[in-house]
Protein chains: 2
Amino acid sequence: MAGLSSRSAVAIHALTMLAHRGEGSLTSAEIADSLESNPVLVRRILGSLRNAGLVSSTEGRGGGWSLARASRDITLRDAYVAVEEGRILSRHAHPPSDACEVGRNIGALLEVEFRDAERAMEERLDRTTIARLLQRVLAAERELASADR
Amino acid sequence: MAGLSSRSAVAIHALTMLAHRGEGSLTSAEIADSLESNPVLVRRILGSLRNAGLVSSTEGRGGGWSLARASRDITLRDAYVAVEEGRILSRHAHPPSDACEVGRNIGALLEVEFRDAERAMEERLDRTTIARLLQRVLAAERELASADR
DNA sequence: ATAACTGCAACCAACATAGTTACAGCTTGG
DNA sequence: CCAAGCTGTAACTATGTTGGTTGCAGTTAT
């Protein structure tokens, strides 16, 4: 079935919330509330984002998380590569038999194909910024508000 | 870590072997030998390929597997969609909180982004056929042979 | 000091995967 | 006709990953 973890979704969700917050900061508990999830989980994922230079954290009372750079300079790909190990299409579990013409060559060939395909996906993710996503969230909110009238 | 199963790799490997065989057929045991794996595993995956119309099987003594259409009409994407459930980038584990502006809108927006990204990957896979892959396997073999001289 | 945070290690249950065993059913060759 | 050699499938195991949780040490503002 499915495959990859939901870490990318969590990361993008959190980044969008932080962009919404602007200059201020959010705690892992606040973000976990919106995710209906757990503060520790959020801290784990935001920790990866911090390692990638996307967010920063401050410890102690009144601490929390905030964006380390402008939301228009953070793409979905940035979030993705920060929290996920790039290999989506996994290769052979074991190296195939060296006694088979196909077996001894397919590995290297598949590697190229799969890498290119994964890169195509990442390039698509790279075309949407967190700022743009937040923009659309707010547009959807306005839509809702006017529909409720 | 990784994510997806190695079913695509196995499927493509098997299809390439069948293309190499041409008109004849291969048994699941022969394919499993090249994969250093198990006949049952191979039958499971080839079963999916048969459901997708890519290969056909004949039961009983002398039976086995063969391509159901020309290898130039089978792409890596065909193999991929036959054995894998399309969702690579998984969505939120739980639907996010409805009480949060971001939470109640991000799901639908991410769905679009992720779908597009997955489609970009599939389109890249669609550009390589099994025939082309086999061609490259054989080219690599010739390379090896001439290097050994 | 104490409250409110992050950071981190150590768990747990649930699930998916690769691999295996066992066996029923089909088909061909002798 | 019967045995050999296949597919088809169910059942089971070991392993790894994931989302989730608890507990606690360290840090900082009030």
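Predicted model, so just to flag it, every value in this text is computed and none were measured. Heavy-atom basis, side chains included; hydrogens, waters and symmetry copies ignored. We name chains A, B, ... by the order of the sequence lines, and we start the count at 1 in each one.
Applying the side-chain hydrogen bond (donor to acceptor under 3.5 Å, both in side chains) criterion to A:S28, with sequence neighbours excluded, gives A:R43. The side-chain hydrogen bond (donor to acceptor under 3.5 Å, both in side chains) test applied to A:E59 returns no partner, not counting sequence neighbours. Among residues two or more places apart in sequence or in another chain, the salt bridge (charged side-chain N to carboxylate O under 4.0 Å, His left out) test is passed with A:R61 by none. Under the rule for a side-chain hydrogen bond (donor to acceptor under 3.5 Å, both in side chains), B:R72 has no partner lying at least two apart in sequence or in another chain. For A:R69, the salt bridge (charged side-chain N to carboxylate O under 4.0 Å, His left out) test picks out A:D78, with sequence neighbours left out. Partners of A:D126 by side-chain hydrogen bond (donor to acceptor under 3.5 Å, both in side chains), not counting sequence neighbours, listed by chain and number: A:T75.
B:R124 places none of its side-chain heavy atoms less than 4.5 Å from the side chain of B:L76. Residues A:L110 and B:I12 form a side-chain contact, since some pair of their non-hydrogen atoms from C-beta on lies under 4.5 Å apart. Taking the side chain as every heavy atom from C-beta outward, B:V10 and B:L41 never approach each other to under 4.5 Å. Under the 4.5 Å side-chain criterion, counting only non-hydrogen atoms from C-beta, B:W65 is not in contact with B:S25. A heavy-atom distance below 4.5 Å is not found between the side chains of A:R115 and A:R119.
A sub-4.0 Å separation between OP1 or OP2 of D:dT7 and a side-chain N or O of B:S28 is present. In this structure, A:H92 does not reach the C:dA18 phosphate: none of its side-chain N or O atoms is under 4.0 Å from OP1 or OP2. For D:dT7, neither phosphate oxygen OP1 nor OP2 lies less than 4.0 angstrom from any side-chain nitrogen or oxygen of B:S57. When the side-chain nitrogen and oxygen atoms of A:S37 are compared with OP1 and OP2 of D:dG19, none of them lie within a distance under 4.0 Å.
Atoms CD (B:E84) and C1' (C:dA18) sit 13 Å apart, rounded to a whole Å. Between the C1' atom of D:dG19 and the CD1 atom of A:I31 lies a distance of 17 Å, rounded to the nearest Å. In this structure, A:L26 places its CG atom 17 Å from P of C:dA4, rounding to the nearest Å. Atom CD of B:E85 and atom C1' of C:dT17 are 14 Å apart (whole Å). Taking atom CZ on B:R91 and atom P on D:dG19, their separation rounds to 14 Å, with Å as the unit. Distance B:E36 CD to C:dA18 P: 16 Å, rounded to the nearest Å. In this entry the distance linking NE2 of A:H94 with C1' of C:dG19 reads 8 Å, nearest Å.
When distances are taken from the side chain of A:S6 to each of D:dT7, D:dG20, D:dG19, the shortest belongs to D:dG19. Listed nucleotides: C:dA18, D:dT18, C:dT6. Nearest to the side chain of A:A93: C:dA18.
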Pick out the pairs of N or O atoms, protein on one side and nucleotides 12-14 of chain C on the other, that lie under 3.5 Å.
none

Considering only nitrogen or oxygen atoms on both sides, find all protein atoms under 3.5 Å from nucleotides 25-30 of chain C and state each distance.
{"unit_1": "C:dC26", "atom_1": "O4'", "unit_2": "B:E59", "atom_2": "OE1", "d": "3.2"}
{"unit_1": "C:dT27", "atom_1": "O2", "unit_2": "B:R61", "atom_2": "N", "d": "3.2"}

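Hydrophobic cluster membership differs between A:V40 and A:M17, with clusters built from Ile, Leu, Val, Met, Phe, Trp and Tyr side chains linked at under 4.5 angstrom.
The stretch residues 40-49 of chain A comes close to DNA chain C through A:V40, A:R43, A:R44, each having a heavy atom under 4.0 Å from the strand. In the region residues 9-17 of chain B, proximity to DNA chain D at under 4.0 angstrom, judged on heavy atoms, holds for none of the residues.
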Would you tabulate the side-chain donor-acceptor contacts of residues 92-106 of chain B under 3.5 Å, counting partners in other chains and residues two or more places apart, or write 'none'?
{"unit_1": "B:H92", "atom_1": "NE2", "unit_2": "A:H13", "atom_2": "ND1", "d": "2.9"}
{"unit_1": "B:S97", "atom_1": "OG", "unit_2": "B:A99", "atom_2": "N", "d": "2.9"}
{"unit_1": "B:E101", "atom_1": "OE1", "unit_2": "A:H20", "atom_2": "NE2", "d": "3.2"}
{"unit_1": "B:R104", "atom_1": "NE", "unit_2": "A:E141", "atom_2": "OE2", "d": "2.7"}
{"unit_1": "B:R104", "atom_1": "NH1", "unit_2": "B:D98", "atom_2": "O", "d": "2.8"}
{"unit_1": "B:R104", "atom_1": "NH2", "unit_2": "A:E141", "atom_2": "OE1", "d": "2.9"}
{"unit_1": "B:N105", "atom_1": "ND2", "unit_2": "A:E141", "atom_2": "OE2", "d": "2.7"}
{"unit_1": "B:N105", "atom_1": "ND2", "unit_2": "B:E101", "atom_2": "O", "d": "2.8"}

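B:L138 belongs to a hydrophobic cluster whose remaining members, ordered by chain and number, are B:L134; membership requires side-chain heavy atoms of ILVMFWY residues under 4.5 Å apart, directly or through intermediates.
Taking for each of A:N38 and B:A29 the nucleotide of DNA chain D with the nearest heavy atom, the 5'-most of the two is the partner of B:A29.
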